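A short worksheet on the structure shown next.
Atoms considered below: every heavy atom in the structure, side chains included; atoms not considered: hydrogens, waters and symmetry mates. Fair warning: this is a prediction, and the values are worked out from it, not measured in the lab. Within every chain, numbering begins at 1; the chains are lettered A, B, ... in the order of the sequence lines, protein sequences first and strands thereafter.
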There are 2 protein chains.
Amino acid sequence: MPDKPSSSPGQLTRQRKLVWDIVKDSREHLDVKTIYLIAQTRNPFISQATVYRSLTFLKKAGLVDELSLGESHHHYEAVHATPHEHFTCLKCGKLIELETSQFYELARRICAEQGLKVTHMDLLLSGYCPECTMAEGRK
Amino acid sequence: MPDKPSSSPGQLTRQRKLVWDIVKDSREHLDVKTIYLIAQTRNPFISQATVYRSLTFLKKAGLVDELSLGESHHHYEAVHATPHEHFTCLKCGKLIELETSQFYELARRICAEQGLKVTHMDLLLSGYCPECTMAEGRK
DNA sequence: GTCCATGCAAACTGTTTGCACGCGC
DNA sequence: GCGCGTGCAAACAGTTTGCATGGAC
């Protein structure tokens with residue numbers, strides 16, 4: 001077990017706290033660019049690299065989740081108490097959160113049958129939201 | 001409805017067929033680099049751009065699926081007759097396919113309750129495969 | 001003084017695009 | 001001849017890294 005740091009690593013520095021606050025206080029799923037822009041309004045000297053490094057730090061600390069919502073870049077959200085998954089409307093782009101403990105249970109059960117131990121689940125659903133479904137049907 | 005092509009677009013050209021054959025004949029989930037390398041062995045003059053454009057073409061044609069398996073780049077697989085999802089072992093990296101019609105049914109049902117019409121589902125599970133679970137337990 | 005986090009810019013990876021060529025009809 | 005697909009290289013977006021600086025203990 002090498003490379004144990006002799007000094008105190010893993011501090012919640014001002015910049016890291018700033019990034020954390022932005023992600024936590026937003027009810028949205030922010031991408032790095034947005035986080036960076038917001039961070040700049042509160043600390044004009046913060047760099048993009050620091051945002052990336054902070055997010056990596058917060059991810060490791062288990063404070064934020066990294067989402068791959070089908071786009072080329074990542075989104076981030078604060079880790080929720082209740083697990084949930086995401087539904088994207090293909091027409092209007094709206095993002096809807098679903099409470100999905102049932103999925104997790106099902107996943108665990110199905111996987112357990114094959115000896116698989118599930119620790120993490122990412123579910124990305126897409127389709128049409130109620131408004132867009134109606135709009136489609138009306139056409 | 002503009003831009004109707006006057007000649008014959010959407011051909012399954014030699015290059016596109018080559019990419020399609022590679023994806024189809026592989027039981028793995030290939031990334032672009034691998035597809036490109038294999039393609040080069042059969043056609044040394046094919047370019048990376050063509051591989052990308054072919055994959056886009058095949059995706060639109062409904063012949064291949066693009067997967068975001070938690071890595072920075074994409075993977076591709078031939079569209080299966082039976083829908084399935086993917087389980088990645090966090091320890092050995094093994095990729096296991098799961099038959100998941102039950103998931104799709106559950107997703108449809110849960111979403112329907114909220115008026116959501118699901119057309120596509122991506123499920124990415126991770127955890128430990130039987131071998132690695134045992135290895136962990138033994139430690 | 002030591003160690004880590006930071007800022008800056010450059011590097012790097014994965015992907016897309018502009019443009020000229022050329023094949024097939 | 002015309003249109004599309006192709007090859008090449010350059011551009012591009014997102015992310016990571018090398019290095020020098022600076023703050024906290």
Donor-acceptor contact present, side-chain B/T56 to main-chain B/Y52, <3.5 Å: yes

Between C1' of D/dA13 and CD of A/E71, the distance in whole Å: 13 Å

Close approaches to DNA chain D from residues 47-54 of chain A, in residue order (heavy atom, under 4.0 Å): A/A49, A/Y52, A/R53

Out of C/dA5, D/dG14, D/dG5, whichever nucleotide has its closest atom nearest the side chain of A/K33: D/dG14

Interatomic distance, B/Y36 OH vs C/dT15 C1' [rounded to whole Å]: 14 Å

Distance, nearest 0.5 Å, that separates CG of A/L124 from OG1 of A/T88: 5.0 Å

Between C/dT13 (C1') and B/D31 (CG): distance, integer Å: 12 Å

Under-4.0 Å side-chain N/O to phosphate OP1/OP2 contact, B/S72 with D/dG14: no

D/dT15 OP1/OP2 closer than 4.0 Å to side-chain N/O of A/H74: yes

Atom pair distance, as rounded to whole Å: CD in B/Q15 and P in D/dG5: 11 Å

N/O (side chain, B/R16) to phosphate O (OP1/OP2, D/dT6) under 4.0 Å: yes

Interatomic distance where CG belongs to B/L55 and P belongs to D/dT6 [whole Å]: 12 Å

A/K94/A/E131 ion pair, N-O < 4.0 Å: yes

Donor + acceptor pair across side chains of A/S101, A/E99 (<3.5 Å): yes

B/T50 side chain to B/I46 backbone, donor-acceptor under 3.5 Å: no

Positive for ring-ring contact (aromatic ring centres under 6.0 Å, His included) with A/H29, one of A/H75, A/H86, A/H73: A/H86

Interatomic distance, A/H73 NE2 vs D/dC12 P [rounded to whole Å]: 19 Å

Rounded distance in Å - NZ (B/K60) to P (D/dC4): 14 Å

Any donor-acceptor N/O pair, A/S26 side chain to A/V23 backbone, under 3.5 Å: no

Closest-nucleotide 5' rank along DNA chain C - winner of A/N43 and B/R14: A/N43

